[in-house]
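See structure below.
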Amino acid sequence: MENIDQRYLVQQNKISDGDRKPPVFAKVMRSKEGVFEGVSFIKNKEKATVMTIAQAEEAVEWAKKKKAASHEYETKIICLGQ
């Protein structure tokens, strides 16, 4: 059985906040069949979705396309230990 490399989180910071406010993290929403439906950003890092690099890239792209104010945020992929 292949070991899937799931160790990435998607982190988002509001650009205008600088370092004053903590970042938020992506929680991926999937259908019962496992189909990607979107992303919700939450404050709790422990409840954020840990994903593969491909899944994380999909979440970042979705956030950039679907979030109306995406230009106000810096969205990046981080490794689990960061």
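As the structure is a computational prediction, the values presented were derived from the model and not from experiment.
Nearest heavy atoms, Ile53 versus Tyr8: N-CD1, 3.6 Å. Taking all atoms of both residues into account, the shortest heavy-atom contact from Met51 to Ala59 is SD-CB, 4.4 Å. Of all heavy-atom pairs between Ser40 and Met29, the closest is N-CE, 3.9 Å. Heavy atoms only, all atoms of each residue included: Phe25 and Lys43 are closest at CD1-O, 4.0 Å. Here the closest non-hydrogen pair linking Val50 and Gln6 is CG1-O, 3.4 Å.
Side chains of Ile78 and Lys76 form a contact here, defined as non-hydrogen atoms less than 4.5 Å apart. Looking at Ser16 and Glu72, their side chains never come closer than 4.5 Å, going by heavy atoms from C-beta outward. Between Phe41 and Tyr73, the closest side-chain pair of non-hydrogen atoms is not below 4.5 Å.
The number of heavy-atom neighbours closer than 6.0 Å to NZ of Lys64, taken from other residues, nucleotides and ligands shown, is 12 or below.
A donor-acceptor pair under 3.5 Å is formed between the side chain of Thr49 and the backbone N or O of Val28. Without hydrogens or angle criteria, Glu61 side chain to Glu58 main chain gives no donor-acceptor distance under 3.5 Å. Between the Asn44 side chain and the Glu46 main chain, a donor and an acceptor come within less than 3.5 Å of each other.
Linking ILVMFWY side-chain heavy atoms closer than 4.5 Å, directly or via other members, places Leu9 and Val39 in two distinct hydrophobic clusters. Follow the hydrophobic side-chain contacts under 4.5 Å out from Ile77 and you never reach Leu80; the two are in separate clusters.
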Determine, step by step, whether Ile42 and Lys47 satisfy the side chain to side chain contact (heavy atoms under 4.5 Å, CB included) criterion, reporting the C-alpha distance in whole Å, the side-chain angles of both residues, the deciding distance to 0.1 Å, and the verdict.
CA-CA 8 Å; Ile42 60 174; Lys47 292 184 180 179; 3.8 Å; yes
With side chain to side chain contact (heavy atoms under 4.5 Å, CB included) as the criterion, how do Gln55 and Arg30 come out once you've worked through the C-alpha distance, each side chain's angles and the decisive distance to 0.1 Å?
CA-CA 12 Å; Gln55 291 168 333; Arg30 295 194 182 277; 3.7 Å; yes
